[in-house]
Undergrad: 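I'd like to ask you about the structure that follows.
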Amino acid sequence: MEYDKILEDLLGRKEFLIVGKSIIRTDALDKALGRAKYTSDYIQPGTVVVKEVYSTHPHALIKRLDTSAALEIPGVLAVYTGADVPGENQIGYAMPDQPFLCDEKVHFIGDPIAIVCAEDEYAAQEARDAVVVEYDPLPANFTIDETLAKDAIHIHEGGNIALTSRIRKGDVEKGFSEAKVEVEGTYETPYQDHAYIEPDVAYAFPEGAGKVTVIGAMQSPFLVREKVAGVLGWNLNQVRVIQALTGGAFGGKDDTGPLVSAKAAMAAVKLGRPAALVYDRFEVTAYTPKRFPSRIHLRTGVDKDGMLTATKVDIKLDCGAYANRAPYWLWRQTVHATGPYEVPNVHVDGTAVYTNKVFGGSYRGFGNLAVHFAVDSHMDRLANELGMDPVELRLRNVLTVGKRTASNQLLDHSVGIEECIRGVAEASDWAEIRKPRRKGNKVRGVGIGTAHHGISTSRGAPDWSAASVILNEDGSFTYRTSICELGQGTPIGHAKIVAEIVGAKMEAFHIEIPDTDTMANARPTHGSRGLALGGTAAADAALKLREQMVNTAATLFECEKDRIDLRNSMASCKDDPSKKMAFKELAHEMYVRGANPAAYGFFTPPRRFFDPETGLGVSYPAYTFAATVCEVEVDLETGQVEILKIWPAMDVGKAIDPLLIDGQIHGAISHGIGIALMESIRLDAGEVINPNLTDYVIPSSMDTPEVAESILVEKPYRHSAFGAKGVGEPAIISIVPAISNAIYHATGVSFNTIPITAERLHAALRRGGQ
Amino acid sequence: MKVSFQLNGKDIEVEAPGNRALLDLLRDDLGVKSVKKGCENGECGACTVLLDGAPVTSCLVLAPQVEGRAVTTIDGLVDDPFMVKLRQAFLEDGAIQCGFCTPGVLISSYALLKGNPKPTADEVKKAIEGNLCRCTGYVAIIKAILHASERI
């Protein structure tokens with residue numbers, strides 16, 4: 001089915017009733033009143049306090065583990081180590097390299113060794129400190145080069161390389177021989193902390209002997225269920241996972257959700273009492289996964305006409321202690337390595353390496369933030385060498401319908417990057433604001449960044465989603481998905497899709513929080529798939545329910561099915577205005593006549609595939625595209641950068657809710673400004689030395705630039721509901737290169753490392769550029 | 001020790017150890033869950049409440065310090081005309097995403113408008129500087145506060 005054509009083909013109308021119009025979020029009032037419930041708000045008095053004992057060594061063998069003193073402390077109920085894990089003491093997401101509780105060896109400062117359970121915070125804290133761990137320290141590798149050195153100690157049994165990836169397309173040497181100009185550079189991006197305001201948390205309580213319920217902050221309730229069941233050695237249906245409203249996640253809670261939940265669940269099951277694990281800001285910042293740091297070496301050639309001829313890329317991904325999501329991250333970087341540009345000859349080598357540091361993990365934009373920072377920096381340097389305008393160079397090479405990506409995927413529809421670039425150039429009056437402007441020590445500059453970001457899981461891994469919609473007896477609707485509300489509002493987008501299809505008012509909807517006991521796995525809220533896949537499963541459910549509603553109405557009205565109109569929670573016959581019925585009555589009729597009032601939706605996108613030898617194939621079902629223009633003012637004396645204005649554009653396929661999309665774009669601008677100019681987790685011998693919001697500074701309201709109206713390009717994707725594509729992740733990718741290119745334009749300094757702090761820019765200016 | 005203070009207009013007396021943070025007193029002892037715990041270090045602003053009308057981060061206030069004073073959380077301002085206008089603007093302008101920072105942001109915004117009903121955009125930014133929001137990028141929040149101010 002071509003889901004982008006539902007409106008005309010199946011609903012028989014031309015105009016949207018709900019989709020495409022901004023609404024007030026269905027959950028906003030509760031949140032504004034402070035009545036929305038997050039995980040910690042569910043925790044009842046008398047709950048067991050769970051805390052973790054963390055490794056204080058970056059790399060060491062555990063010589064002795066003694067919990068006896070901790071157990072003596074009044075109020076301490078238990079201390080559990082790896083030996084107490086009833087199921088599998090292994091929690092690696094993509095590779096089995098990560099113990100749930102380390103029992104032989106630790107791999108970073110912060111590796112969990114034991115969990116303590118106590119009646120209160122103080123006893124738990126005391127017990128954590130009283131657990132004796134004797135280590136046999138091992139040499140540690142902290143950098144990519146250290147860990148790749150020939151004589152480097154092995155962090156894991158298989159060595160220090162977690163995995164590799166590659167692309168071989170065309171002949172790069174031939175491509176470089178055709179180039180008039182070549183540019184080469186090495187681009188480094190640091191750890192970025194998600195800094196979600198709600199710390200990680202899970203609350204678990206046993207329900208009888210063979211069942212446990214976990215309420216937690218997470219992005220994938222079904223992954224949490226799988227990992228909790230694995231640790232307990234239980235069947236999936238013995239674990240019920242409920243995702244409470246989650247106070248920001250940005251990828252981070254996709255990784256921490258299972259880790260935190262499994263610890264709370266193990267304590268609850270073993271003690272037969274409710275138990276909660278609540279992180280503090282130190283734990284969140286020092287010990288939870290961060291944006292994977294990477295080092296990308298890029299060599300790009302362009303001919304005299306400004307056409308890209310070859311790209312050679314070497315990606316070194318620093319996993320930290322465990323691979324976690326590295327296979328997906330590295331793959332995503334590899335197949336996006338040319339940016340949204342067509343390059344005939346592409347050679348990419350990717351290597352993910354282990355180091356003895358906090359491990360990397362999912363973060364909005366995945367590897368694409370680093371890749372597009374490198375590619376778009378190169379585009380500006382190439383343009384400079386050619387004496388060509390950076391926008392013009394991009395337009396000559398940009399992906400359009402009929403062109404092929406780095407992995408040789410033919411793009412046959414839903415490609416709107418050219419419109420995005422033209423849109424932001426026009427809106428910003430590019431040619432005019434690119435003219436040199438200097439006043440005293442203050443100089444202004446303008447830069448552009450671009451993005452493409454594949455939707456759905458990487459590496460051709462199977463992907464699907466599920467949804468459930470129930471028409472209740474009173475005409476109200478209950479919608480269920482395991483796509484999580486993390487702030488982005490995706491489930492609201494689903495409900496809008498359902499409302500559009502069944503012709504209901506939005507007020508008629510209640511969106512349930514995800515509960516693994518009530519539906520099949522709708523898969524995670526990541527990979528820009530929540531709307532494109534989850535929303536299409538919702539559409540599938542809605543179409544099935546609509547059929548039942550139309551059938552019943554047609555029988556009652558003695559009217560042809562295709563003459564039934566459903567809108568504003570009313571059914572009517574188009575031929576006879578007197579024949580109409582509120583959904584409340586229609587629902588009643590459906591129940592008494594045996595027409596199924598509930599529908600289950602399921603959807604899987606067209607399969608992707610790739611050849612592991614060449615990396616070529618169909619990498620993703622579709623891509624979201626974006627472009628950003630940024631204007632900065634640089635103080636040449638201090639190196640201080642002020643972001644004056646941002647012009648964003650995105651090809652969203654179909655905008656389900658422009659206000660929600662604006663929210664994603666604006667939030668991503670802030671995260672982008674953060675990592676471009678100020679954010680960086682700093683380590684000293686493997687220890688995070690800025691583990692709080694005082695020393696790890698994120699943008700505040702004072703760092704908010706003027707943001708122009710978002711330009712939403714709509715190139716519908718054939719296999720998603722109404723053509724919608726994911727927006728939350730792609731929104732951040734083009735921000736960083738737009739900022740760094742604007743600084744390059746203002747100062748002539750092209751940075752290849754972020755964040756571009758005032759100190760670094762000041763130093764570079766004193767050196768006279770680099 | 002016993003602590004007596006006014007919470008959302010009601011006189012109350014609670015037993016609390018002297019080192020108990022107002023944040024924990026409110027959430028755990030008094031069940032006021034609208035006050036959120038984000039950093040316990042006065043940086044994120046999610047626990048912002050009004051103390052005698054002025055915004056403070058309740059994680060940095062100790063229970064005995066509120067003796068004889070008035071503590072107001074968002075629960076005490078539900079029908080307050082300034083808060084009603086602010087809330088409506090936040091809803092309409094998309095200033096709420098995950099919502100975890102929202103009660104704190106609304107408290108700071110309320111304190112601003114009470115003292116300065118017609119703030120400039122810069123004054124708005126300054127007033128909510130202590131409230132970190134990782135979702136919205138502040139754009140819609142600033143817009144909403146200015147909209148609310150126009151309606152006052």
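Just so it is clear, the values below take in all heavy atoms, side chains as well, and ignore hydrogens, waters and symmetry mates. Quick note on labels: first sequence line is chain A, next is B, and so on, each numbered from 1.
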Undergrad: Report which part of Leu132(B) has an atom under 4.5 Å of a heavy atom belonging to chain A: side chain, backbone, both, or neither.
TA: both
Undergrad: With a 4.5 angstrom heavy-atom cut-off, which part of Ile128(B) approaches chain A: side chain, backbone, both or neither?
TA: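 Interface part for Ile128(B): both.
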Undergrad: Which one wins on heavy-atom pair count under 4.5 Å against chain A: Cys101(B), Ala95(B), Cys39(B), Ala121(B)?
TA: Cys39(B)
Undergrad: Below 4.5 Å from any heavy atom of chain B, which atoms of Ile23(A) appear? Answer side chain, backbone, both or neither.
TA: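 Looking at Ile23(A), nothing touches chain B.
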Undergrad: Could I get the full list of side chain to side chain contact (heavy atoms under 4.5 Å, CB included) partners for Val14(B), not counting sequence neighbours?
TA: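 Once residues adjacent in sequence are excluded, the partners of Val14(B) under the side chain to side chain contact (heavy atoms under 4.5 Å, CB included) criterion are Val3(B), Phe5(B), Leu25(B), Leu30(B).
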Undergrad: Which pair of heavy atoms, one from Gly38(B) and one from Pro199(A), lies closest together, and at what distance?
TA: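 Taking every non-hydrogen atom into account, O-CG, 3.6 Å.
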Undergrad: Under a 4.5 Å heavy-atom cut-off, does chain B meet the side chain of Phe282(A), its backbone, both or neither?
TA: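 No part of Phe282(A) comes within 4.5 Å of chain B.
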Undergrad: State, to 0.1 Å, how close Ile96(B) and Ala28(A) come at their nearest heavy-atom pair, and which atoms those are.
TA: CD1-O, 3.7 Å
Undergrad: Contact part of Leu91(B) toward chain A, heavy-atom cut-off under 4.5 Å: side chain, backbone, both or neither?
TA: both
Undergrad: Any chance NZ of Lys118(B) has more than 12 other-residue heavy atoms, nucleotides or ligands included, within less than 6.0 Å?
TA: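 Correct, the count exceeds 12.
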Undergrad: Highest number of heavy-atom pairs under 4.5 Å with chain B: which of Gly674(A), Pro699(A), Ala249(A), Gly728(A)?
TA: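 Top option by heavy-atom pairs under 4.5 Å: Pro699(A).
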Undergrad: Please tabulate, one pair per line, the N or O donor-acceptor pairs under 3.5 Å between chain B and chain A.
TA:
unit_1	atom_1	unit_2	atom_2	d
Arg27(B)	NH1	Asp41(A)	OD1	3.1
Arg27(B)	NH2	Ser40(A)	OG	3.2
Arg27(B)	NH2	Asp41(A)	OD1	2.7
Lys36(B)	NZ	Asp41(A)	OD1	3.4
Lys36(B)	NZ	Asp41(A)	OD2	2.6
Gly38(B)	O	Arg281(A)	NE	3.0
Gly38(B)	O	Arg281(A)	NH2	2.8
Asn41(B)	ND2	Thr694(A)	OG1	3.2
Glu43(B)	OE2	Thr694(A)	OG1	2.9
Gln97(B)	O	Lys31(A)	NZ	2.7
Gln97(B)	OE1	Gln664(A)	NE2	3.4
Gln97(B)	NE2	Gly663(A)	O	3.0
Cys98(B)	O	Lys31(A)	NZ	3.4
Cys98(B)	O	Tyr38(A)	OH	2.6
Gly99(B)	O	Tyr38(A)	OH	3.3
Phe100(B)	N	Tyr38(A)	OH	3.4
Lys125(B)	O	Ser701(A)	OG	2.7
Lys125(B)	NZ	Thr704(A)	O	2.8
Glu129(B)	N	Ser701(A)	OG	3.4
Arg134(B)	O	His671(A)	NE2	2.9
Arg134(B)	NE	His194(A)	O	2.7
Arg134(B)	NH1	Glu679(A)	OE2	2.8
Arg134(B)	NH2	Asp193(A)	O	2.9
Arg134(B)	NH2	Tyr363(A)	OH	3.2
Arg134(B)	NH2	Glu679(A)	OE1	2.7
Arg134(B)	NH2	Glu679(A)	OE2	3.3
Tyr138(B)	OH	Pro699(A)	O	2.8

Undergrad: Heavy-atom pairs under 4.5 Å with chain B are the metric here; pick the option from Ile669(A), Leu486(A), Val707(A), Ile698(A) that has the most.
TA: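 Going by pairs under 4.5 Å, I would pick Ile698(A).
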Undergrad: Can you say whether Ala36(A) sits under 4.5 Å from chain B via the side chain, the backbone, both, or neither, judging by heavy atoms?
TA: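 For Ala36(A), the contact with chain B is made by the backbone alone.
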Undergrad: In terms of heavy-atom pairs under 4.5 Å with chain A, which of Cys135(B), Pro103(B), Gly94(B) leads?
TA: Cys135(B)
Undergrad: What part of Leu245(A) gets closer than 4.5 Å to chain B, counting heavy atoms only: side chain, backbone, both or neither?
TA: neither
Undergrad: In terms of heavy-atom proximity below 4.5 Å to chain B, should Ile197(A) be classed as side chain, backbone, both, or neither?
TA: both
